[in-house]
2 protein chains.
Amino acid sequence: MNDNKQRIKNVALDYFGQKGYEDTSLAEIAKEVGIKKPSIYNHFRSKEDLFVEVLEDLIASEVTAYRLTEGKMNHQEPLLNIRKLFDLFCHRLMTTKEALLWKRVTFFPPEPFKDLIQEHFIHFEKVTTSILVSVFREGVKQSLFQGITEDEFVASFLCLVDGVFLEHHYYTKEIFEQRIQSAWKVYERGVSSYKGE
Amino acid sequence: MNDNKQRIKNVALDYFGQKGYEDTSLAEIAKEVGIKKPSIYNHFRSKEDLFVEVLEDLIASEVTAYRLTEGKMNHQEPLLNIRKLFDLFCHRLMTTKEALLWKRVTFFPPEPFKDLIQEHFIHFEKVTTSILVSVFREGVKQSLFQGITEDEFVASFLCLVDGVFLEHHYYTKEIFEQRIQSAWKVYERGVSSYKGE
DNA sequence: CCTACCGATCGGTAGG
DNA sequence: CCTACCGATCGGTAGG
């Protein structure tokens, strides 16, 4: 019964990510699902409604993934944990349709959703920040991250991840993986103590 | 006589950057310029033509800005030069309309221009990379950047700059500047030698 | 879930 | 530079 509703959302997630919200028509979504355009209105009150539902699902699945990784951390190894977070991020970026749409809308939010998307972005960042802070504090206990404040630790990690986020689009998979490794290496050196390991 | 042609291009640069190519109509561009839509066709054969001209101007001005900064560098001070490049980038990001459109089309190129944009992207990256490479090599002569390869140096800088770019959209000016400083600090530590200054 | 249709807007043209 | 207009397509509705 609700099979088609989920199918519409799946196709919408894909098309909104590939072509953007404004440039995706309900007619082409319907065609891909195998129904006619007006039938979409049996499940969603408007195109905007459809977008909001797709977006909300996306956020929920991102937050869940990060919480799961947090649960799997070994609190004795801060450097490993921060790497795990980084890998999780890169992995989702390359394998999920959600990442493409999330990237698109955070970067170029469609007019009607600017505020909504901003709220989600801030919420999502709070989730990741709280994880980063707990990793940092554990590291400090172990005399890691010397000369770096909590805020600097968080900000530089988020900047790293945002940079990777953008670059995913520019390059082929091979070059992208090189880029990731290079950026990570410099980041890790940067947050490590000058006096070296 | 060609005053209106330039005005059309200025407005188009702004709107294409803010709203994207597909979601910008010739009617609204005309309105902003103070003419009617068909008059645009006195200066451009099509909407696609207008976009291509805007894009070509954009590339030219970006390349010029980077070349100018390169010319002002003091080759004895690699760390200062890389900081200058970083500042140039951040400055242009916050003050020029070109940067916004450029980032938009490199990430989410409108269908009809995918190949054209890719060509320009590769060209532009060659310019910035060549500047970074010459900074890096001067640094190596001075025993800076120990343990970092040329590719890693270039990749991590571009990642830093891409991260900053994304964050520019999301934060207030004050928070953004804090973020920039934190990201820069970790980057600089990361590319500097472990054995410290 | 469908067919048939709506007003609005799109890029673009004719003709002056 | 304009007015007037084109076919196509958009999101959305009526009615079954």
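The sequence lines fix the lettering, A, B, ..., with proteins before strands; numbering per chain opens at 1.
For Lys19(A), the side chain to side chain donor-acceptor pair (under 3.5 Å) partners two or more places apart in sequence, or in a different chain, are Glu28(A). Under the ring pair (Phe, Tyr, Trp, His ring centres under 6.0 Å) criterion, His120(B) pairs with no residue at all, not counting sequence neighbours. Under the rule for a side chain to side chain donor-acceptor pair (under 3.5 Å), Glu22(A) has no partner lying at least two apart in sequence or in another chain. A search for side chain to side chain donor-acceptor pair (under 3.5 Å) contacts involving Tyr41(B) returns nothing, not counting sequence neighbours.
For residues 151-161 of chain B, every residue pair satisfying the side chain to side chain donor-acceptor pair (under 3.5 Å) rule, not counting sequence neighbours, is listed here: Lys185(A)-Glu152(B), Thr149(B)-Glu152(B). Residue pairs satisfying the salt bridge (Lys or Arg N to Asp or Glu O under 4.0 Å) criterion with at least one member in residues 159-171 of chain A, sequence neighbours excluded, are absent. Residue pairs meeting the side chain to side chain donor-acceptor pair (under 3.5 Å) criterion with at least one partner in residues 84-96 of chain B, sequence neighbours excluded, are Glu62(B)-Arg92(B), Arg83(B)-Asp87(B).
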Exercise for the section: At under 4.0 Å between heavy atoms, which parts of nucleotides 9-16 of chain C does protein reach? Answer with one letter per nucleotide, 5' to 3': B base, S sugar-phosphate only, - none. Expected result: -SBBB---
Practice task
Convert the base pairs of DNA chain D into dot-bracket notation, remembering that pairs crossing earlier ones are written with [ ] and that bases paired across to another strand are shown as |; include only Watson-Crick or G-U pairs under 3.5 Å.
Solution key: ||||||||||||||||
